[in-house]
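Down below is the structure, laid out as structure tokens.
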Amino acid sequence: MSEQKHLYLVDGSAYIFRAYHRLPPLTNIHGEPVGAVYGYTTMLWKLADDLHQADGPTHMAVVLDKSSQSFRNEIYDLYKANRPEPPEDLRPQFPMIRDATRAFSLPMIEEDNVEADDMIASYAKAACAAGWDVTIVSSDKDLMQLVEPCVDMFDTMKNERIRAEEVIGKFGVGPEKVGDVLALMGDSVDNVPGVPGVGPKTATKLIQEFGDLESVLAAAPDMKPSKMRDNLIEHADKARLSKVLVTLKEDCPLPIPIEDMKLGAIPEEPLAAFLQHHGFNSLLKRIGQVANTAAANKAIAGNPKATSKGDGAASAPVAGKAALPPAMPPIDVNAYECVTTVDRLDHWISRAMETGLVAFDTETDSLEAVTARLVGFSLAVAPGEACYVPLGHGGTDLLAENPEQIPFAEALARLKLLLVEPSILKIGQNLKYDISVLAQHGLTIAPYDDTMVMSFALDAGDHGHGMDELARLHLGHECISYKSVTGTGKSQIGFAEVPLSDATKYAAEDADVTLRLWHHLKLRLSPDKVTTVYELVDRPLVPVLSKMECTGIKVDRAVLARLSGEFAAQMESLEKEIHELAGQPFTIGSPQQLGNILFEKMGHKGGKKGKSGQYSTDVTVLEDLAGQGVEIARKVLDWRQLAKLKSTYTDSLQEQINPKTGRVHTSYSLVGAQTGRLSSTDPNLQNIPIRTEMGRQIRDAFVAEPGNVILSADYSQIELRLAAHFADVAPLRDAFEKGEDIHARTAQEMFGEVNRDTRGRAKTINFSILYGISRWGLAKRLESTPDEAQALIDAYFKRFPGISNYIQETLATVRECGHSTTLFGRKTWFPRIKSANQAERQGSERAAINAPIQGTSADIIKRAMVRMGPALEAAGLPHVKMLLQVHDELVFELPEGDVAAASKVIEAVMADAAEPLVKLTVPLGVEIGTGTSWGAAH
DNA sequence: GCACTCACG
DNA sequence: GACGTACGTGAGTGCC
């Protein structure tokens, strides 16, 4: 029996607005407004209940607007500009709509840069093309354009089907003309201009008479003179723009294939937990009575675990009690206190003593923590209960008396008590910054939690971890933007100049939001099984990184200045030669101009590329030309290398030397790389040149203080070792065990002999594996053909079947769970792993193959970094300073006399970093070098 | 603000 | 049958 498939697309965003206005202002048992959520929940219930009914859904998904911005704003910046802010008691219901959707275990579509209507259009088209029926659950007039024989709409509130007939009833024209009518009449709510004076009636009449918008506009001059005629002529462009705005995008990439939207029995959990949380008791009672909930199915099957055994103390989590964050009052920025007396500050600190929790945030006048001046701090002791303590507003002299502020030293003394108080948990969003700022005043923080780091442990790969984004996502709250407080551009003021009333709203909101986020995130750590990676890897790294950043690394300006001069001289002479070869002067740094010179003026071969229609002039293209003996190509390559080195390194690095410390202080991000790696910015010290001799010289500028040396310790081939472990490849493990050259061993295994050529090819193949190999990619790198590359891949997998198994198993798990996992339990989410778009999907697959390996490597070196300080301290080496981390390398500065002892400790900590959490089947090799500079230490 | 290019592991 | 093809980053430049 082949069932006609029927996809229901629920227009969630539109529904909640309607439900909000139609339903009474209900609140749940926590006093939160939930009217719209309740309406939405009952609607989903009703829809899901129609499974297997005639014309009921076999597949279902909810489509939501992700943000208020879409590509339409790029076309017309006033689009939806008139939209009033949603009412205060509706806003917190937006994230609950997501909770409700998840509670029903329904797929949820939310895409950036397009509106829900566009996704609905694209899905409707795709399902229709596959021969399915589609029902759009909405009554939005814009969506009526989509109605066709295989697509109808369903208005749940009026319980009414909308087919072509109903569309004609409403618009007087068929669905295919609805866009033209809408374009003429405009839409004041969405700020679609339309033609002034033309409303629904006139628009319909015109389209009925002339057929479509362009015909109406074309016919306008011949109409009898009237205001309408003039308007049609004058505002023709507005009408055309309106047509573009109301036309739905039907070719959006589909993040979830329609087949995956199959509607089955709704699992009892998490639905029951959701209903219970809100106290939707009448619905809760119906679980189990409804044919389509899993509970009912279980009851029929007689599930032995359905009833609790009574004492459950040591048993698995109890169904129906899935943790949900506590109810919180709506955010009210007018309720925050500006603390200007010691008495009031003491009050807040004593409140923190009572609750044992305080969210904390510092305000400064700079993003650079090492030099930032402390301007104030905010505290939140409970949701909605927050304050701001200004310290440095309205003046730059820290010691100056300011009657409106608590004296700096006095406030800091009290803050110190709070921050070190062991019974109070301090919660921050990106606490590394606050720790670094406060370190200037000798303050430390313990114990602590960091909501940004928690979010990363939970949701890496799924979304960003900035506070504004998390607040939007988890709290449905739009934070006051920093820019709205300080202004932008030329007129931007420092936070110290912000009036106290504005500063209080902004700063206290940050603390309040951070506390609320903590309640959401903390609960998820354990059920989501990321406690280990959060508690033992990422969280303890926060103060370690802060210390490294504050320490910085000494950079010898003279070395950089000399290199800058040399590079400039070489560039100048190259530039002359290049212009001569080209026969004209041009900007070598402009790929556009260079492309035109090379491929049009000089007539070299090399095709266009990319959407921009520009010639590609990247290194592969130029190398290719150089190989053919094109002199200018080689010179451009040399010029480019010099330009890069000079601008990115020798010039700008000099500017980054902190005048107070004479050192460069990078900033590490714990959440910068989805795999769990760190990233480094301002400046990026993880990409200092090393591969070419010219670039390498830059490392000579990174030096030790007199009497000290630089020590560099790096893991040798750590990712390949981990691959050998993951895939359990005996010959590779054996080679690592014996300390052999791994690429040579691979060559031996694959080709039966080791020489320069086979070792080189084996090395390329080894790395390809880590990145998710493709025959074309390998062919390109080996300069061979895809067929030959495929033969090598086959040979590799045949010789090392474990690798092939690892790849298949990893992909199967990621497809099933949505995320990859490292040996330490770090997750990376791959929301596009099932994308219907092939390139997108395959990209996710390659990343997913790589993530456990790259991520485990990151976990291991992070563990080493966390243990390094205490280990050195315990060995009586307090003067050894850890300065940099470059993914598989740690850089230290230490007294010359400590080298031997420190090397031992560093080697041991790094080599044993996985223990005892993880037992590897390969040893971790560590190589150590020392010298007066980073360059010399390699 | 985006595309391109290129520095690193 | 065409398409585009290695994983993860950050920064400087030209150009719209």
Side-chain angles (χ1 to χ4, degrees), chain A residues 74 460-461 586-595 609-623 636-637 639-653 655-656 666-669 671-692 694-696 698-699 714-720 723 764-782 786 789 793 820 828 830 837-855 857-858 861 884-890:
Chain A
E74 291 155 25
F586 68 101
T587 310
I588 305 171
S590 161
Q592 196 183 59
Q593 293 185 32
L594 177 64
K609 192 184 146 184
K611 295 161 242 173
S612 55
Q614 253 200 59
Y615 290 108
S616 170
T617 65
D618 70 14
V619 66
T620 57
V621 173
L622 294 183
E623 288 284 5
V636 170
L637 281 168
W639 183 91
R640 275 216 185 132
Q641 192 192 4
L642 289 162
K644 174 80 175 177
L645 294 176
K646 182 168 184 293
S647 72
T648 310
Y649 301 105
T650 57
D651 285 354
S652 64
L653 219 40
E655 294 161 25
Q656 301 269 8
T666 184
S667 174
Y668 288 105
S669 172
V671 302
Q674 322 215 318
T675 53
R677 273 192 179 177
L678 300 179
S679 69
S680 156
T681 57
D682 310 302
N684 182 354
L685 294 184
Q686 291 182 321
N687 71 347
I688 302 299
I690 192 168
R691 291 176 186 170
T692 67
M694 225 192 307
R696 228 184 148 92
I698 292 165
R699 295 202 172 210
D714 65 87
Y715 284 112
S716 146
Q717 313 281 16
I718 186 167
E719 293 198 4
L720 272 178
T764 301
I765 298 165
N766 272 335
F767 281 112
S768 309
I769 295 297
L770 303 180
Y771 301 146
I773 197 165
S774 83
R775 54 201 300 216
W776 295 277
L778 185 60
K780 199 165 146 194
R781 275 160 190 78
L782 289 175
I793 295 168
S820 66
T828 300
F830 293 93
N837 176 327
Q838 176 180 289
E840 213 169 55
R841 187 176 63 249
Q842 290 177 339
S844 289
E845 287 173 356
R846 290 190 297 268
I849 292 166
N850 182 247
I853 298 171
Q854 193 180 112
S857 161
I861 195 165
L884 303 177
Q885 188 251 43
V886 193
H887 308 310
D888 64 358
E889 174 188 12
L890 294 174

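Order of the sequence lines sets the chain letters (A, B, ...), proteins ahead of strands, with each chain counted from 1.
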Q) Without hydrogens or angle criteria, can the side chains of A/Ser680 and A/Thr666 be said to hold a donor-acceptor pair below 3.5 Å? A)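 Yes, A/Thr666 and A/Ser680 have a side-chain donor paired with an acceptor closer than 3.5 Å.
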Q: Tell me yes or no: between the side chains of A/Gln641 and A/Thr692, is some donor less than 3.5 Å from an acceptor?
A: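 Side chains of A/Gln641 and A/Thr692: pair found under 3.5 Å.
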Q) Quick check: does any side chain N or O of A/Glu719 sit under 3.5 Å from a backbone N or O of A/Leu770, one acting as donor and the other as acceptor? A)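 Between the backbone of A/Leu770 and the side chain of A/Glu719 there is no qualifying donor-acceptor contact (under 3.5 Å).
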Residue [X], side-chain heavy atoms: nucleotide from [options] that is nearest:
X        : options              : answer
A/Ala847 : B/dG9, C/dC3, C/dC7  : C/dC7
A/Arg781 : B/dC8, C/dA6, C/dC15 : C/dA6
A/Tyr771 : B/dT5, B/dC6, C/dC7  : C/dC7
A/Thr675 : C/dG14, C/dG8, B/dA7 : C/dG8
A/Trp776 : B/dA7, C/dT5, B/dG9  : C/dT5
A/Asn850 : C/dC7, B/dC8, B/dA7  : C/dC7
A/Thr764 : C/dA6, C/dG10, B/dA7 : C/dA6

What integer distance in Å separates [X]:[atom1] from [N]:[atom2]?
X        : N      : atom1 : atom2 : value
A/Asp888 : C/dC7  : CG    : C1'   : 14 Å
A/Lys646 : C/dA11 : NZ    : P     : 19 Å
A/Lys644 : C/dG14 : NZ    : P     : 13 Å
A/Gln838 : C/dC3  : CD    : P     : 13 Å
A/Leu678 : B/dG9  : CG    : C1'   : 12 Å
A/Arg640 : C/dT13 : CZ    : C1'   : 11 Å
A/Asp682 : C/dT9  : CG    : C1'   : 14 Å
A/Leu637 : B/dC4  : CG    : P     : 18 Å

Give one of base, sugar-phosphate or nothing for [X], where a contact means two heavy atoms less than 4.0 Å apart.
X        : value
A/Ser768 : base
A/Arg846 : sugar-phosphate
A/Leu770 : nothing
A/Asn684 : sugar-phosphate
A/Ile849 : nothing
A/Glu889 : nothing
A/Arg691 : base
A/Ala839 : nothing

Taking 4.0 Å as the cut-off, does a side-chain nitrogen or oxygen of [X] come that near to OP1 or OP2 on [N]?
X        : N      : value
A/Ser680 : C/dT9  : no
A/Gln674 : C/dC7  : no
A/Ser857 : B/dG9  : no
A/Ser590 : C/dC15 : yes
A/Thr648 : B/dA7  : no

Q: Please round to the nearest 0.5 Å and tell me the distance separating atom NZ of A/Lys780 and atom OG1 of A/Thr620.
A: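 Here the interatomic distance stands at 6.0 Å.
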Distance check, [atom1] atoms only: [N] and [M], in whole angstrom units.
N     : M     : atom1 : result
B/dC6 : C/dA2 : C1'   : 30 Å
B/dT5 : C/dA6 : P     : 15 Å
B/dC4 : C/dG4 : P     : 13 Å

Q | Sidechain N-carboxylate O distance under 4.0 Å for A/Glu840, A/Arg846 | A |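 No, this pair does not count.
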Q.
Are the side chains of A/Gln686 and A/Gln885 in contact, using a 4.5 Å heavy-atom criterion?
A.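 A/Gln885 reaches A/Gln686 side chain to side chain.
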Q) Would you say the side chain of A/Thr617 lies within less than 4.5 Å of the side chain of A/Gln593, judging by non-hydrogen atoms? A)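 Of all side-chain heavy-atom pairs linking A/Thr617 with A/Gln593, none is under 4.5 Å.
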Q.
Which is more 5' along DNA chain C, the nucleotide nearest A/Gly589 or the one nearest A/Gln842? Just name the residue.
A.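 Looking at DNA chain C, the more 5' nearest nucleotide goes with A/Gln842.
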Q: Return the nucleotide paired to B/dC4: Watson-Crick means purine N1 to pyrimidine N3 with N6-O4 or O6-N4, wobble means G-U with N1-O2 and O6-N3, both under 3.5 Å.
A: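 Across any shown strand, B/dC4 pairs with C/dG12.
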